[in-house]
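Report on the structure given below.
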Amino acid sequence: MRVREATQADWARIWPLWHRVVAAGETYMWAPDTSEADARAAWMLPEPAVVFVAEDGADIVGTALLKPNQPGLGDHVANAGFMVDPNRAGEGIGRTLAHHVLSAARGRRFKAMQFNAVVSTNTAAVRLWKSLGFEVVGTVPGAFRHPDGLVDIHIMYRRL
């Protein structure tokens, strides 16, 4: 598997993965019926954001978005989003992407990383982030409309 910076031309291969993850309605705040155009606008952001892809041969098996969490006086804290092909869950793709993105964030001189909405029922993600030094710094009760009902979201943070 190889992780590299994505190009705009990669969107055609990112979109099926993005759509599948978001359409499940279990881990991201975007509406499950988000259009391709809106998805592209939300994920393929201009600099200073950067998108990465994890490739296994010709297949994109994961993607990540790294960006400032806030503009201006908050742009020293990074934010990131990660998506892994559900058929490839448990293969270490998320961990590999995470290491790559954390390194890229340090290289871009971010001082910390914050996740604004880690769905509490996404236990694999919570476990991964905790294993990489993130801590839950806040929980918002019932802030996510999961298919099984309202669930909490965690705000997670770590210094870089």
Side-chain angles (χ1 to χ4, degrees), residues 3-6 10-11 14 17-32 34 38-54 60-86 88-90 92-160:
V3 177
R4 64 169 176 82
E5 200 168 311
D10 289 317
W11 177 251
I14 295 170
L17 167 63
W18 196 101
H19 177 65
R20 186 168 174 212
V21 169
V22 172
E26 296 176 346
T27 56
Y28 273 93
M29 294 288 190
W30 289 298
T34 298
D38 288 346
R40 185 177 189 153
W43 197 256
M44 302 299 286
L45 297 174
E47 289 187 8
V50 60
V51 174
F52 299 96
V53 291
I60 289 180
V61 296
T63 184
L65 167 64
L66 173 65
K67 63 182 185 170
N69 192 50
Q70 298 292 332
L73 299 179
D75 68 359
H76 61 288
V77 176
N79 177 261
F82 297 82
M83 294 186 186
V84 172
D85 180 340
R88 305 288 299 269
I93 296 165
R95 182 171 297 277
T96 299
L97 268 171
H99 283 293
H100 190 89
V101 170
L102 287 166
S103 178
R106 284 186 209 93
R108 286 170 170 75
R109 307 228 187 275
F110 286 109
K111 303 297 183 204
M113 186 172 288
Q114 176 179 323
F115 300 139
N116 300 320
V118 180
V119 178
S120 62
T121 54
N122 188 354
T123 56
V126 173
R127 186 171 47 253
L128 171 62
W129 303 132
K130 284 183 175 181
S131 78
L132 294 174
F134 285 83
E135 61 182 299
V136 174
V137 296
T139 299
V140 184
F144 184 75
R145 291 192 310 264
H146 190 277
D148 294 334
L150 297 179
V151 299
D152 301 347
I153 61 168
H154 297 311
I155 301 164
M156 298 186 78
Y157 173 88
R158 74 160 280 183
R159 292 185 198 276
L160 298 174

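All values below come from the heavy atoms of this structure, side chains included, with hydrogens, waters and symmetry mates left out. For clarity, every value in this text was computed on a predicted model and none was experimentally measured.
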Is it the case that more than 12 heavy atoms not belonging to Arg145 sit under 6.0 Å from its CZ atom? no

List for me each residue that meets ring pair (Phe, Tyr, Trp, His ring centres under 6.0 Å) alongside Phe110, sequence neighbours excluded, and say none if there are none. none

Find the distance between CZ (Phe82) and CH2 (Trp129) and round it off to the nearest 0.5 Å. 4.0 Å

Counting C-beta onward and ignoring hydrogens, is there a side-chain heavy-atom pair between Leu128 and Arg95 closer than 4.5 Å? yes

Between Met44 and Ile14, the two heavy atoms sitting closest are SD-CD1, 4.1 Å

Distance (rounded to the nearest 0.5 Å) between Phe134 CZ and Arg127 CZ: 16.0 Å

Leu97 CG to Leu102 CG distance, which is reported to the nearest 0.5 Å: 10.5 Å

Minimal non-hydrogen separation, Ala143 against Met29, with atom names: O-CE, 3.7 Å

In the structure I gave you, are the side-chain heavy atoms of Leu17 and Arg88 within less than 4.5 Å of one another anywhere? no

Of all heavy-atom pairs between Asn116 and Ile155, which one has the smallest distance, and what is that distance? O-CG1, 3.6 Å

Side-chain heavy atoms of His99 within contact of Leu132, under 4.5 Å: yes

Selection residues 135-160 - residue pairs positive for ring-ring contact (aromatic ring centres under 6.0 Å, His included), sequence neighbours left out: none

Please tell me if the side chains of Asp148 and Glu26 come closer than 4.5 Å, counting only heavy atoms from C-beta onward. no

Using the rule given for side chain to side chain contact (heavy atoms under 4.5 Å, CB included), can you reason through Arg4 versus His100, listing the C-alpha separation, both sets of side-chain angles and the distance that settles it, and then say yes or no? CA-CA 9 Å; Arg4 64 169 176 82; His100 190 89; over 6 Å; no

When rounded to the nearest 0.5 Å, the distance separating CE of Met83 from CZ of Arg20 is 13.0 Å

Can you name the closest pair of heavy atoms from Gly25 and Pro32 and give their distance? CA-CG, 4.2 Å

Is there a side chain to side chain contact (heavy atoms under 4.5 Å, CB included) between Asp85 and Ile93 once you walk through the steps? CA-CA 9 Å; Asp85 180 340; Ile93 296 165; 5.8 Å; no

What distance separates Thr63 OG1 from Phe52 CZ, expressed to the nearest 0.5 Å? 9.5 Å

Please confirm whether the backbone N or O of Lys67 pairs with a side-chain atom of Asn79, one donor and one acceptor, at under 3.5 Å? no

To the nearest 0.5 Å, what is the distance between OG1 (Thr139) and CD1 (Ile153)? 9.0 Å

Parallel, tilted or perpendicular: which one describes the rings of Trp43 and Trp30, with boundaries at 30° and 60°? perpendicular

Pro48 to Pro68 - nearest heavy-atom pair and separation: CG-CG, 3.7 Å

Looking at every non-hydrogen atom in both residues, tell me the closest pair between Ala39 and Thr34 and how far apart they are. N-CG2, 3.7 Å

